[in-house]
2 protein chains.
Amino acid sequence: MIRVLLAEDQSMVREALATLLGLEEDIDVVAQVARGDEVVAAAREHAVDVALLDIEMPGLTGIDAAALLRKELPQVKVVIVTTFGRPGYLRRAMEQGADAFLVKDAPAAQLADAVRRVVLRGEKVIDPTLAAAALAEGADPLTARERDVLRAAADGAVNSEIARALHLSEGTVRNYLSTAIQKTRARNRSEAVRIAREKGWL
Amino acid sequence: MIRVLLAEDQSMVREALATLLGLEEDIDVVAQVARGDEVVAAAREHAVDVALLDIEMPGLTGIDAAALLRKELPQVKVVIVTTFGRPGYLRRAMEQGADAFLVKDAPAAQLADAVRRVVLRGEKVIDPTLAAAALAEGADPLTARERDVLRAAADGAVNSEIARALHLSEGTVRNYLSTAIQKTRARNRSEAVRIAREKGWL
DNA sequence: TCCTGGGGATGACAGATGTCATACCCGCAC
DNA sequence: GTGCGGGTATGACATCTGTCATCCCCAGGA
């Protein structure tokens, strides 16, 4: 019996997925959490074999939770289950030790299949198309600080506000944004944000 | 037996929800579609009692599909099931004749419950908190044209590009954006887009 | 030691954005 | 006929954004 932890912030979706998996004879969903920062404690408490992690969750992203699991409970397998198959997400997930990466566009049957493959056979499970795209895309070109500034600018913040929030001068904010705009080959901050998001860099 | 159509673009989520509902003795998911523009044909073909519609789908939004259903198959009940309980979404959904409005943050049990209430008892099902927020929010202040321009500006398009796309002069684009920025009480287009999206106006 | 990369800052400047005033058109309701 | 709302446009102008040059600091690797 494979013991599964499910981390997904939308209750309805999480419970539906738990129900789906619960119908499998060899799979038992023993824990469900709605926040990324609850993953490690729940995995430990319930002695799970594998954690199914959404990426965009409150408290901690699924990718960051995967990194924590790898450090604290390295025997636990990690399956990322996400809405967007963004190259940067895939790359970061695999870097942080994830064993599988699935998008919610995939047929539901792939979920139980992936769980069995990673737990019983120690396989890595990634859609070849996604893998190819991520490899072709290359690494995130933004530095940590550029990402900070771009993230801060994402929803309409003006430079003075970003400067205050990140303890920078306004000129430095403009520089970082300019660099981010160029690295993403965008024309302005809004487009840079969109591109960085699409690629999973933000 | 309540015959249900499920419209949701993410296969995994859709199939999990279908499985969940399929466990109910009185509910039968007889059709599933991944695109908004397939809703009416499927509802007609499968003679469904109720359509469960996600909002953000390719081809047609769930809200627009609801309007079409109301027109073409007025006996079919409509339950909107959405990620975001945005006031504008709720308002528009109810205006277009939806019978229920659920967010995916709600417990899964609410789904079957809502289905029974709208089909068997003709009730309207809305979370009172969401209803109160939508009523307090007031109507979308943007004109159709302002929404067009704001939507076009959403991901980094420059004014000249928007003008070309919408067959306007650049000055007119600036005017519409300026008005949209003021109506949303934003400081710039990016913030206006965020606010309009959060309220479900875009 | 030198070089590179990342972080940070200042200053000058061109171009894009946003505001406001003004004007015109059309359709609809009273 | 008048007024209102929505759509469209021009022009002037202030401010914000983005670019570029230049400089400084630190850490790490060759």
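Reckoned from all heavy atoms, side chains included, excluding hydrogens, waters and symmetry mates. Per chain, numbering begins at 1; letters A, B, ... match sequence-line order.
- Between the side chain of Asn159(A) and the base of dT15(D) there is no donor-acceptor pair of N/O atoms closer than 3.5 Å.
- Comparing atom distances between the Leu168(B) side chain and each of dT8(D), dG6(C), dT17(D) picks out dT8(D) as nearest.
- With distances taken from any side-chain atom of Thr143(B) to the nucleotides dG6(D), dT17(D), dT8(D), the minimum falls on dG6(D).
- Which of dG18(C), dT17(C), dA9(D) sits closest to the side chain of Asn188(B) comes down to dG18(C).
- When the P atom of dT17(D) is taken as reference, atom CD1 of Ile181(B) falls 11 Å away, rounded to whole Å.
- The 5' end of DNA chain D is approached more closely, in terms of each residue's nearest nucleotide, by Lys183(B) than by the other of Lys183(B) and Gly156(A).
- In the set dG8(C), dT8(D), dT19(D), dG8(C) carries the atom at the smallest distance from any side-chain atom of Arg145(A).
- Ranked by how close their nearest DNA chain D nucleotide is to the 5' end, Ala186(A) and Tyr176(B) are led by Tyr176(B).
- The distance between atom NE2 of His167(B) and atom C1' of dA9(D), rounded to the nearest whole Å, is 17 Å.
- The shortest distance between the side-chain N/O atoms of Gln182(B) and the OP1/OP2 oxygens of dG18(C) is not below 4.0 Å.
- Rounding to the nearest 0.5 Å places CG of Leu202(B) at 11.5 Å from CD of Glu146(B).
- By the 4.5 Å heavy-atom criterion applied to side chains, Val48(A) and Val30(A) are counted as neighbours.
- Using a distance-only test at 3.5 Å, with no hydrogens or angles considered, a donor-acceptor pair links the side chain of Arg14(B) to the main chain of Glu8(B).
- Sparse packing is recorded around NZ of Lys71(B), with 12 or fewer heavy atoms of other residues, nucleotides or ligands lying under 6.0 Å away.
- Counting distance only, with no hydrogens placed and no angle test, the side-chain atoms of Arg174(B) and the base atoms of dG18(C) include a donor-acceptor pair under 3.5 Å.
- Here the nucleotide nearest the side chain of Ser169(A), chosen from dA9(C), dG18(C), dT19(D), is dA9(C).
- Residue-to-nucleotide contacts include no donor-acceptor pair under 3.5 Å from the side chain of Asn175(B) to the base of dT22(C).
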